[in-house]
J.: 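Pasting a structure here, questions to come.
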Amino acid sequence: MAAGVTNRGETARHSRLKRLAFLWAQTQGFSACAMEVSLPNCRYRADVAAHRWQRKQTGSTAIFECKQALCDLRRDNCHSEPALERLDLICKRRQILEARLHEHYPSLRNGDSLFPEFDSENFAAIGHLGYARLLRDMRALQNRLYDCTKFDKLIRYCCANLFFLVLPEELFRDSEIPIGWGALVESKGALTLMRKPLWHDATAEGRIRLLQRIAIAGTRLLNRQLQIGSNKAEAEHCRKICSGDHYPGD
């Protein structure tokens, strides 16, 4: 086995990023977490998915994607230095414009995320033409340079409320973070939130379905750790039914 590669074909670095995301999610109150979760409404699988319970409500959901190398984030055949320089310039203009808009519109926070630490200014609501054009140019350039198809689709399909890109410190560049995604950067064995994610509405049904997928992924992992095959699980279920040790909802 090659050094740094796990027995499932995953590098040790990618595995570490997933573990850190798993731990970080729990510290933020996401009590239901799992790795390698098949997402509803699409063919993608999340490195880490999480659900945060809230009294008398469906709660919120989050998806974490871990990227360990530039080639894992960028499209090799679309990379060009002039395009990267232009993207950096657009990103700087966006930051300057957001700072000015924040000064003029201090009450712009969405306020609908249920969690204040993830509230973000809804600059699009102003209808500022220059800002809208900057976002359009930035999104188009990112899609040309990077493999952002998955990032865009996860948001478009309303797969979760919050989306995070998890990457090592040496790979972080603000201009490379997909629009709408947060950035968690690894440094000295811990994750730091370098860019807050935007809050995305997701239906109650969609959040419950993701919670079910999280439970399925967690059960699958526990079965593997306990060396319980599907046949054994089915046999145990049948034994309960036959012995009368079975109740509705089991």
Side-chain angles (χ1 to χ4, degrees), residues 14 16-35 37 39 44-52 54 59-68 70 72-74 87-88 90-92 94-95 98-99 102 108-124 134-135 138-139 142-143 146-187 189-202 206-207 210 214:
H14 189 263
R16 185 176 69 252
L17 289 175
K18 282 167 51 177
R19 182 178 183 277
L20 288 173
F22 188 84
L23 294 173
W24 187 88
Q26 292 182 68
T27 64
Q28 301 302 310
F30 291 91
S31 55
C33 306
M35 300 180 186
V37 178
L39 301 174
Y44 295 115
R45 177 178 292 184
D47 286 329
V48 177
H51 178 275
R52 177 154 62 173
Q54 188 180 15
S60 65
T61 51
I63 288 174
F64 301 80
E65 283 295 308
C66 304
K67 300 300 178 184
Q68 61 177 337
L70 284 176
D72 197 20
L73 181 64
R74 298 177 179 174
L87 183 59
D88 281 335
I90 291 176
C91 184
K92 290 175 182 176
R94 174 193 175 190
Q95 292 171 345
E98 285 181 348
H102 181 71
L108 261 182
R109 283 189 176 274
N110 282 327
D112 59 356
S113 72
L114 306 179
F115 307 107
E117 66 271 30
F118 295 122
D119 280 353
S120 301
E121 289 82 1
N122 186 15
F123 295 114
L134 273 180
L135 287 188
M138 189 172 180
R139 184 177 287 108
Q142 283 182 335
N143 285 337
Y146 316 121
D147 188 8
C148 289
T149 304
K150 179 178 180 180
F151 302 140
D152 287 340
K153 285 184 176 179
L154 291 182
I155 290 178
R156 195 185 324 140
Y157 294 159
C158 303
C159 292
N161 299 119
L162 300 167
F163 301 88
F164 295 90
L165 195 61
V166 186
L167 65 166
E169 185 177 24
E170 66 270 17
L171 298 188
F172 174 69
R173 290 175 66 180
D174 191 65
S175 61
E176 298 192 9
I177 305 304
I179 294 174
W181 284 64
L184 287 168
V185 178
E186 178 203 18
S187 178
L191 293 181
T192 302
L193 183 64
M194 298 298 291
R195 170 170 275 277
K196 290 184 178 182
L198 294 179
W199 175 267
H200 300 275
D201 290 329
R207 282 174 277 170
L210 182 55
I214 292 171

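Keep in mind that this is a model prediction, so the values were computed, not measured.
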J.: For His51 and Arg207, indicate whether the former's side chain and the latter's backbone hold a donor-acceptor pair under 3.5 Å.
T.: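 The answer is no, because no donor-acceptor pair under 3.5 Å joins these two groups.
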J.: After noting the C-alpha distance and the side-chain angles of Glu176 and Leu171, does the key distance pass the side chain to side chain contact (heavy atoms under 4.5 Å, CB included) rule?
T.: CA-CA 9 Å; Glu176 298 192 9; Leu171 298 188; over 6 Å; no
J.: I'd like to check the side-chain contact (heavy atoms from CB on, under 4.5 Å) partners of Asp174; sequence neighbours left out, ordered by chain and number.
T.: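 Residues passing side-chain contact (heavy atoms from CB on, under 4.5 Å) with Asp174: Cys91, Gln95, Phe172, Arg195.
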J.: With sequence neighbours excluded, what pairs up with Arg19 under the salt bridge (charged side-chain N to carboxylate O under 4.0 Å, His left out) test?
T.: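 For Arg19, no residue satisfies salt bridge (charged side-chain N to carboxylate O under 4.0 Å, His left out) once neighbours in sequence are set aside.
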J.: Evaluate the side chain to side chain contact (heavy atoms under 4.5 Å, CB included) criterion for residues Gln26 and Cys33: first the C-alpha distance (whole Å), next the side-chain angles of each, then the deciding distance (0.1 Å), finally the verdict.
T.: CA-CA 7 Å; Gln26 292 182 68; Cys33 306; 3.7 Å; yes
J.: For Leu134, does its backbone N or O pair with a side-chain atom of Arg94 as donor and acceptor, under 3.5 Å?
T.: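 Between the backbone of Leu134 and the side chain of Arg94 there is no qualifying donor-acceptor contact (under 3.5 Å).
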J.: Is there a side-chain contact between Phe151 and Leu165, using heavy atoms and a 4.5 Å cut-off?
T.: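 Phe151 vs Leu165: side chains touch.
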J.: What's the spacing between Thr192 OG1 and Glu169 CD if we round to 0.5 Å?
T.: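 The OG1 atom of Thr192 sits 8.0 Å away from the CD atom of Glu169.
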J.: Hey, is the main chain of Asp201 close enough, under 3.5 Å, to the side chain of Asn161 for a donor-acceptor pair?
T.: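 No; zero donor-acceptor contacts below 3.5 Å.
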J.: Kindly indicate, with the supporting measurements, whether the criterion side chain to side chain contact (heavy atoms under 4.5 Å, CB included) is fulfilled by Leu167 and Leu17.
T.: CA-CA 7 Å; Leu167 65 166; Leu17 289 175; 5.6 Å; no
J.: Find the distance between CG (Leu210) and CD1 (Ile63) and round it off to the nearest 0.5 Å.
T.: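 CD1 of Ile63 is found 6.0 Å from CG of Leu210.
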J.: Can you list everything that forms a side chain to side chain donor-acceptor pair (under 3.5 Å) with Ser31? Sequence neighbours excluded, please.
T.: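 Partners of Ser31 by the side chain to side chain donor-acceptor pair (under 3.5 Å) criterion come out as none, since no residue qualifies.
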J.: Between NE2 of His200 and CD1 of Ile155, what distance do you get to the nearest 0.5 Å?
T.: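 Taking NE2 in His200 and CD1 in Ile155, the distance rounds to 4.0 Å.
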J.: Write down the atom of Arg45, the atom of Glu65, and the distance for their closest heavy-atom approach.
T.: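 In terms of heavy atoms, the two residues are closest at O-OE2, 3.6 Å.
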J.: Rounded to the nearest 0.5 Å, what separation is found between the CZ atom of Phe164 and the CH2 atom of Trp24?
T.: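 These two atoms lie 4.0 Å from each other.
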J.: When rounded to the nearest 0.5 angstrom, what is the spacing between CD in Gln28 and CG in Leu184?
T.: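 Gln28 CD to Leu184 CG: 8.5 Å, rounded to 0.5 Å.
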J.: Just say parallel, tilted or perpendicular for the rings of Trp181 and Phe163, cut-offs at 30° and 60°.
T.: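 Because their plane-to-plane angle lies in the 30° to 60° range, the rings of Trp181 and Phe163 count as tilted.
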J.: Picking from Val48, Leu162, Thr61, what satisfies side chain to side chain contact (heavy atoms under 4.5 Å, CB included) with Phe30?
T.: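 Only one option passes, and that is Leu162.
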J.: Any chance you could measure Cys159, atom SG, to Leu39, atom CG, to the nearest 0.5 Å?
T.: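 CG of Leu39 is found 5.0 Å from SG of Cys159.
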J.: Which is it for Val166 and Leu20 under the side chain to side chain contact (heavy atoms under 4.5 Å, CB included) test, yes or no, and what are the steps along the way?
T.: CA-CA 9 Å; Val166 186; Leu20 288 173; 5.7 Å; no
